[in-house]
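First listed ligand is number 1; within each ligand, the first listed atom is number 1. Scope of the values below: all heavy atoms of this structure, side chains included, with no hydrogens, waters or symmetry mates. Positions are given from 1, in the same order as the sequence printed here.
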Amino acid sequence: MATKSGTRKRKSSTAKTVIADIETPIGSGGEIQQAPDQGNGETLTTQQGVPVSDNQNSLKVGQRGPTLLEDFHFREKIFHFDHERIPERVVHARGYGAHGYFETYESLADLTSADIFQRKGDKTPAFVRFSTVAGNKGSVDLARDVRGFAVKLYTKQGNWDIVGNNIPVFFIQDAMKFPDLIHSAKDEPDRGFPQAQTAHDNFWDFISLTPEAMHMVMWIMSDRAIPRSFRFMEGFGVHTFRLVNAKGQSRFVKFHWKPKLGMQSVTWDEAVKINGADPDFHRRDLWDTLVAGDKVEWELGLQVFDDKFADKFEFDVLDATKLIPEEQVPIRIVGRLVLDRVVDNFFAETEQVAFCTQNIVPGIDFTNDPLLQGRNFSYLDTQVKRLGGPNFTHIPINAPKCPFHHFQQDGHMAMNNPKGRVNYEPNSWGSDGGPRASSDGFTSYPAEESGEKGKYRSETFADHYSQARQFYVSQADVEREHMRDALVFELSKVKEPNIRVRVVAHLLNIDKGLAEGVAEGLGIAQLPKPATAARAPIKDLPVSDALSMLKNPPQTFAGRKLGVLVTEGFDGKLLAALRKAAKKERANITLVAPVADGIEDDQGQRHAADEILEGAPSVLFDAVAIIVSEKGADDLLIENAARQFIADAISHKKFVAYSKQARELVEACLLNGSLDDAGIVELSTGKSASGFIEACGELRCWAR
Ligand code: HDE
């Protein structure tokens, strides 16, 4: 409050009341911590910089009187709070971002003049945002869905955004259909559910009437749509782009991101349980990894091809529902993307980052893919809506990191209007006249275009089933089973029988066995006729092993997590051996105990628990170990959470290790398997611990 002399001092009486109002937390050692503390020593101010004397009580007339409108601090605080939300993204609302860099492996000057690809060893700052598509901002991470994989590269010639997905094809061929696709996938408008899932009538109704979606449907019904971590996903630019070199020669290119730690997904049963146990599973995984000082890497691969290949390829390279198998055009690895830093602030960076497909740089260009052309309109438009005006490029996460000069000015929240008198061009102000266009600026590839105006769909886009079949037949048996189960699950949530039958009619054009399996799972007694195909499917496209995750296993436990369930008096040496082996393999251990405050091992050493049993079901881990004392084993035998922990790990085909005291406990949790299983091992020595961790590199015992 202001004193007569005009200086300020704290209202000590109010401050005391406040402290009494705040709960005092109990520290883990039993001592009581003092709250609140003194902060960082700086004085709290309003946004105008005015020092604040009381941040807990509004200005009133007397102790019990009305609040005064002149309380500018109260008004500012509430006003700002009222405006904290901006519109969430219409699609890809739920996402998570991180910083890093791109490192160029070799000069690609023969292919492209893009500055980022000129010099071996160059490092370009990058920001990446991963996302789900259908769910709202607060939805769960393990929805069955495509994942966004959007990369912003702050190159020396401007920002280049590769706004891709973790699936190399898309549902539709023309951007015109995008609003309908998304409306059908999101919650139904009358009831506002289901959220973050496609298992409902509207989605499958749309799909059943959109044969071009069938290839993508195969991908989203595969385990690609339930990744174990952002770190273990591939990324794709999806569309065909152009690379243009300094001589003006153009080649086509598809972009691929290959995860250094290999690919890995969860099973559907795990996904459902993870969503309950930890809805933030993916974002926590990335945060924890980076905060622990580990880096996350992908390599950039290019599929480069020319008109000759495009002309002889079975499909149109402008059709985003088609991919080019790696076996047909090999992938050339040209650099790596390394994520090494979490954001300082989620909203400022991850929420405000504005990716735009039209952000390209000299040396890169678009093709006529009608989906890409439509996206080039949409992204700029959506950012203006979301971020409130044309100056979203002034937000640090969106600003280029290279010098930039232009005459654009004003508008909401203008932060860097050009300096000086001149804000137009041409002008005659010489060295005060600002920037000028230059011959090495961006020029579009002079592709020749002609034709009659019309609302067209090219004949060359008419094949809807051949690559859907190629993807399906390229999967391992387990992966095919999962796809069949996923289709049965999704369609079982569809209440209109005609829709289910229409989907099965499409499946008949893809694979008869799959169609029959789905029909059987749904109880459709009589198979429908195959859907009429605009073009007869090619049935003998070769198997592409590169399309299967299980045929390309990572063979490493690096970056994965072992959950170790312990009880009081457990074998401390065994845990130490597991820790050592995990460290060597660059894997992590989470200690799960019955209580949070920690427990003692048989050597008398105390261990803090990372999680308690009820809070950490085994679905959160890639493999588990049960290291318990005899008494602990007896106690856990009658504890539901413990039995579920073990039974789930076994039924999810994970590697399971146990100390000899846990033998009976593990046996009791076997449903119909046996302990005679290569992936269920008794540990006794340090050697067996390291053998177990190495074996975990297989990730699952699918044969179980
Ligand atoms: Fe997007 N998409 N999209 N999309 N998309 C958006 O832009 C759109 C498509 C993708 O982390 C929106 O900033 C249209 C394909 C990602 O911020 C919006 C079409 C692919 C992200 C939009 C497509 C994507 C978006 C919503 C059909 C993979 C999140 C919020 C032609 C290659 C980026 C926003 C982030 C976001 C429009 C199809 C990927 C509305 C019209 C195909 C990764 O502009």
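Of the listed residues (F236, F171, F170), the one carrying the non-hydrogen atom nearest atom 42 (C) of ligand 1 is F170.
When non-hydrogen atoms are compared, ligand 1 lies under 4.0 Å from the side chain of V238 (C-beta onward) but not from its backbone.
Ring pair F252/F305: centre-to-centre distance below 6.0 Å. Two rings, from F149 and F236, have their centers 6.0 Å or more apart. Aromatic rings of F255 and W298 (six-membered ring for Trp) have centroids beyond the 6.0 Å cut-off, not under it.
On a distance-only criterion, S131 and ligand 1 share no N/O pair closer than 3.5 Å.
Remark: minimum distance from atom 17 (O) of ligand 1 to any protein heavy atom is reached at R89 NE, 2.7 Å. Remark: minimum distance from atom 7 (O) of ligand 1 to any protein heavy atom is reached at T382 CG2, 3.3 Å. Considering only non-hydrogen protein atoms, atom 8 (C) of ligand 1 sits nearest to F178 CE2, 3.3 Å. Atom 24 (C) of ligand 1 has R375 NH2, 3.0 Å as its closest protein atom, hydrogens excluded (heavy atom only). Atom 25 (C) of ligand 1 has as its closest protein heavy atom H92 CD2, 3.1 Å. Of all protein heavy atoms, the one lying nearest to atom 40 (C) of ligand 1 is S378 OG, 3.6 Å.
Against a heavy-atom cut-off of under 4.0 Å, G148 is close to the following atoms of ligand 1: 43 (C). Atoms of ligand 1 lying under 4.0 Å from any heavy atom of R129, numbered from 1 in the order shown and given with element: 11 (O), 17 (O), 35 (C). Short contacts between ligand 1 and Q383, defined as distances under 4.0 Å to a heavy atom of the residue, involve ligand atoms 13 (O), 34 (C). Under a 4.0 Å criterion applied to the non-hydrogen atoms of A175, ligand 1 contributes the atoms 31 (C).
Q303 contributes a side-chain N or O that, together with a main-chain N or O of V329, makes up a donor-acceptor pair within less than 3.5 Å. Between the side chain of N391 and the backbone N or O of H394 there is no donor-acceptor pair closer than 3.5 Å. Between the D141 side chain and the R283 main chain, a donor and an acceptor come within less than 3.5 Å of each other.
The distance from atom 1 (Fe) of ligand 1 to the nearest N/O/S atom of Y379 is under 2.8 Å.
Both tests hold for R560 against F232: distance to the six-membered ring centre under 6.0 Å, angle to the ring axis within 45°. For K123 and F102, the positive end is not near the middle of the six-membered ring at less than 6.0 Å and at most 45° from its axis.
Using a 4.0 Å heavy-atom cutoff, G164 is listed among the residues neighbouring ligand 1.
Rounded to the nearest 0.5 Å, atoms CD (E88) and CZ (R94) are 10.5 Å apart.
For the pair K322 and D463, the salt-bridge criterion is not met [side-chain N within less than 4.0 Å of a carboxylate O].
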